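For reference, the structure discussed in these notes is given below.
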There are 2 protein chains.
Amino acid sequence: MTRDEILEAAAQIFRQKGYHAASMQDIADAVKLQKASLYHHVNSKQEILLALLDQALDLLIEGMEKVLALDLPPEEKLRQAMLTYLQIMLEERDLSSVLLLEYRSLEPEYRQRHIPRRDHYESLWRSLLIEGAEQGVFVISDVALVSRFLLGVMNWTITWYREDGPLTPAELAQECANLFVLGLKRRKDEDG
Amino acid sequence: MTRDEILEAAAQIFRQKGYHAASMQDIADAVKLQKASLYHHVNSKQEILLALLDQALDLLIEGMEKVLALDLPPEEKLRQAMLTYLQIMLEERDLSSVLLLEYRSLEPEYRQRHIPRRDHYESLWRSLLIEGAEQGVFVISDVALVSRFLLGVMNWTITWYREDGPLTPAELAQECANLFVLGLKRRKDEDG
DNA sequence: ATCAACCTACCGACCGTTCGGTAGTCTTAG
DNA sequence: CTAAGACTACCGAACGGTCGGTAGGTTGAT
């Protein structure tokens, strides 16, 4: 049994039940250990949660930085960023769900460590939008607001997306991007 | 002390801590009763949660039905619906947060009672979009998907909106509607 | 012999809920 | 007008159970 296996099981249970409804006993059962044995690998339940949030954010930051480094026109870069985000979200659902929904269960001391990284990630999205605006491709009055709209649509997908449904993550990303890109792009009838 | 006062306090605490992290003791403290006295007014903690979800959904359904009854072109009706939704969400934040985030804590028996009403509400949004599509004003390939996108953006606002921030709910609704309406409307360069 | 991995046994705290009881108020028969 | 009875609102104490976490011992590979 490794720490990572415990974290993985914990993510699944946290997602299903929520942090507070999930007990260390549940996690122990899932990895077929005694509850006390978990404490050989982790220091506390809160530490598990923090580790999961860190993992999730690492994935997202890594994905976003790769996209930002690409040499693409803003519109394509935005599409690529949305695709990457949704793919991570929907392929690592346990982790993502914990990041988005169980974040509130972090106790203050741990939260302080987490918030700056979260802010950093959001700033990556803003920089993408700013790039598009500076090149005159996007028309955006409030970059912070639009980035929240963007992340909002995508974040909410984890509450309703079904793997056995009609859409693949890639198709979903495309539909989503279509809707937004049209709303952001300078229209033909607009002046320069 | 009335049942409604207890529900109101419970909503606030559920929003702050989450259902499972909130204790009956917390609620009792908030209304300055002994924990046991709560059971004179409510039957269980789960019943409180269900009552709050019902209250929230009642508000939203009522608002939506009023908007649907208006005699407006589809675009204006959509804008009005979004405004109404966001106003309710942001003016009744405790209730709305519980609806969106604590819904998962409903136990199966209670959930079965709640789900049909929730589905009904979402169908109201779909019918609005269908109306616009049939009149040729909106171009929508997948109504269910678009309605989820719409609700997703708006639902996520409760996680970041600050009352002391720069935007009123009405301004927020307008920005949000602008983005979406552009993505949905038939463009000039499209054929008929 | 060492040490990681895991165990049994246990701790105090708190959970939602129930119980028996007590003021105070309202109703109604004499 | 009064007194008995019923009803509402609330309380203190306790229930069985679960919580996260700890102490200390056993196992087995190196």
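This structure is a prediction, so every number in the text was calculated from the model and none was measured. Below, chains carry the letters A, B, ... as their sequence lines are ordered, and counting in each starts from 1.
- Distance B:H40 NE2 to C:dT25 P: 15 Å, rounded to the nearest Å.
- Here C:dG16 is the nucleotide among D:dT22, C:dC6, C:dG16 with the atom lying nearest to any side-chain atom of B:S23.
- At least one test fails for A:R93 against the ring of A:Y161: distance under 6.0 Å to the centre or angle within 45° of the axis.
- Phosphate contact (OP1/OP2 of C:dC6, side-chain N/O of A:Q34, threshold under 4.0 Å): absent.
- Atom NZ of B:K17 is separated from atom P of C:dC14 by 12 Å (rounded to the nearest Å).
- A salt bridge is absent between A:D54 and A:R113; no separation between the charged side-chain nitrogens and carboxylate oxygens falls under 4.0 Å.
- In terms of phosphate contacts, A:H41 brings a side-chain nitrogen or oxygen within less than 4.0 Å of OP1 or OP2 of C:dC6.
- Taking atom CD on B:Q25 and atom C1' on D:dT18, their separation rounds to 17 Å, with Å as the unit.
- Residue-to-nucleotide proximity on DNA chain D shows that, of B:S37 and A:D26, the 5′-proximal contact is made by B:S37.
- Here C:dA4 presents its P atom at 20 Å from OH of A:Y39, a figure rounded to the nearest Å.
- Nucleotide D:dT22 holds its P atom 11 Å from the NZ atom of A:K35, rounded to whole Å.
- As judged by a 4.0 angstrom heavy-atom cut-off over every strand, B:A22 is placed among residues touching the sugar-phosphate backbone only.
- Taking the ring axis of A:Y19 as reference, the NZ or CZ atom of A:R104 does not stay both within 45° of it and closer than 6.0 Å to the ring centre.
- Defined by atom type and a distance below 3.5 Å, a donor-acceptor pair is missing between the side-chain atoms of A:N178 and A:Q174.
- Judged by atom type and distance alone, B:K45 does not reach the base of C:dT17 through any side-chain donor-acceptor pair under 3.5 Å.
- As rounded to whole Å, 18 Å separates atom P of D:dT27 from atom CG of A:L33.
- What separates CE of B:M24 from C1' of D:dA13 is a distance of 17 Å, to the nearest Å.
- Atom OH in B:Y19 sits roughly 9 Å away from atom C1' in C:dG16 (whole-Å rounding).
- Within the 4.5 Å cutoff, side-chain heavy atoms of B:L57 are placed close to those of B:H114.
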